[in-house]
Amino acid sequence: MMETLAGFGRSVLVILEEAGSAAILLYRSMRGGAYLLRRPALYADQAFQIGVQSLPLVLVVSVFTGAVSSWQAAYQFRGIISMDFLGAAVSAALFIELSPVLTGLVVAGRVGASIAAELGTMRVTEQIDALETLAIDPVHYLAAPRITAGWTMLPVLLVFSSLLAHLGAFAVANTMLGVSADTFFSSVQKYFSMRNVVSGLIKALVFGGGTALIGCSIGFRTMGGAVGVGEATIRAFVYSSAFILIADYILSIFLF
Amino acid sequence: MIEIKRIKKSFGGKPVLKGISLDIPEKKATVLIGRSGCGKTVLLRILIGLLRPDEGQVLVDGEDMAGLSRKALFRARRKFGMLFQSAALFDSMTVGENISLALREHTDLSKTEIAEKVREKLDLVGLEGVEDRMPSELSGGMKKRVGLARALIMDPRYVLYDEPTTGLDPETADAINELIGGTGRRLGITSVVVTHDLVSARRIGDRFAMISEGHIVFDGTPEGFQACQKPAVRRFINGSGLDLEERI
């Protein structure tokens, strides 16, 4: 019993330590904002990697997310609710929940883990120390561009994701469920709420910034050579995914 | 002038440095020697503020590196250059980008002026025409040379070397030793070299300081070191069964 409690206590301490380190890193990288304004190329490079290079995967996931949500909503509507409302229901679910969370999870897998691996490798091969000895702050040079690109690019990805998800949903509704384009999009338009869109964008901003922050924080504190880098990569993905789901719950309470 | 005063540092409750005091003379090469794991690299990292000591001071031109704010520490580091054991070149950058990074960050020099300075430093370390190569395309000795060019690019007053010849064949190690010693003397740089290699130490050093059991057990000239009868020094010199003079 005592061992279980001790193990639980240790886990809580580890999580608190990770959260504390991430908070300090966020504070320091925010103080590097002025530096980033002088070095826009650093941001542009990360925005390309996090935004543009994630786009193909995000788009594929989005099309199928829209398609499956249309199919499943129709299954639940059958005999209870008219298919005239299918577009509205799917659209709201996509804007509020599915697109932000799934885009966030895709980015957590692709970007959060790769940031941790990249910075972790730089840490164990003394490249981060080398930056410090050149009087260059690694938080400003490495973390600030990644975190800023994370919170700015995920909302952009969300816009593309939402569009493609709607098209996927419509394709299934039209070709497999017999819902006309006019019925589907009229329903989407009629119940469209800007609040849903803004809420989704706020979620994407938090998920993107959080994922990049967690990747940077874990990467900076990597130890132990190749094994350490591997563990850091896994930890970054697990923590980012957990963060997205927990933050989604908390934000949903505040936003709706 | 660097003054190290009563530095203590422990890791996980295990003391590594137990009150080290040492003055690093200007424009000389001081070699920190000692067995592997004795804390030489820890002391070197404390000198440049990569590690904070548990107690004590590192005064660089009268400024305590251990007590500086993060911003002031980065400013103070501009006086330093450092060559890492693994060279620690940025693997996503070309050789030219590696060497010029500090110039691009800290100066307003034009691209042409930066390229000229990079060429000048590469010339200094005996390399030319490698600006566009990636670090992965270089041999171990070339990496060390590029690392040295990067350490010298801002014309630092102090250059720190962490095991500069480790992992190199004897011929390349000898060339690196000559390069470090020659460059330091020619440019009037204050050098601190960490090594456990006595041949390297003799080639580079004007002064030896030996760390053992967390303390400085010898501080003096290379000749004084050779003649020193302290047990820790004798054990180190005779470690391989060869006398220092025989080894070089």
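Chain identifiers are assigned alphabetically (A, B, ...) following the order of the sequence lines, protein sequences preceding nucleic acid strands; residue numbering begins at 1 within each chain.
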Distance in Å, B/Leu73 CG paired with A/Glu132 CD, rounded so as to fall on 0.5 Å steps: 7.5 Å
Distance-minimising heavy-atom pair for A/Ala130 and B/Ala88: CB-O, 3.8 Å
Which atoms of A/Thr133 approach chain B - backbone, side chain, both or neither, heavy atom under 4.5 Å: both
Structural part of B/Leu89 lying under 4.5 Å from a heavy atom of chain A: backbone
Heavy-atom contact with chain B under 4.5 Å, split by part of A/Arg39: side chain
Whether over 12 other heavy atoms sit under 6.0 Å from A/Tyr35 OH: yes
Choice from B/Glu105, B/Met82, B/Arg150 maximising heavy atom contacts with chain A below 4.5 Å: B/Glu105
Heavy atoms from other residues, nucleotides or ligands near NZ of B/Lys28 exceed 12 (cutoff 6.0 Å): no
CE (A/Met30) with more than 12 external heavy atoms under 6.0 Å: no
Closest heavy-atom pair and its distance - A/Tyr141, B/Leu101: OH-CD1, 3.5 Å
B/Arg45/A/Glu126 ion pair, N-O < 4.0 Å: yes
Part of B/Arg70 within contact of chain A (heavy atom distance under 4.5 Å): side chain
Heavy-atom pair count under 4.5 Å with chain B, highest-scoring of A/Asp137, A/Thr121, A/Thr125, A/Leu131: A/Asp137
CZ (A/Arg110) with more than 12 external heavy atoms under 6.0 Å: yes
Exceeds 12 heavy-atom contacts within 6.0 angstrom, atom CZ of A/Phe160: no
Part of A/Arg28 lying under 4.5 Å from any heavy atom of chain B: side chain
Nearest-0.5 Å distance, CG of residue B/Asp91 to CD of residue A/Gln127: 4.0 Å
Between CG on residue B/Leu103 and CG on residue A/Leu134, distance to nearest 0.5 Å: 10.0 Å
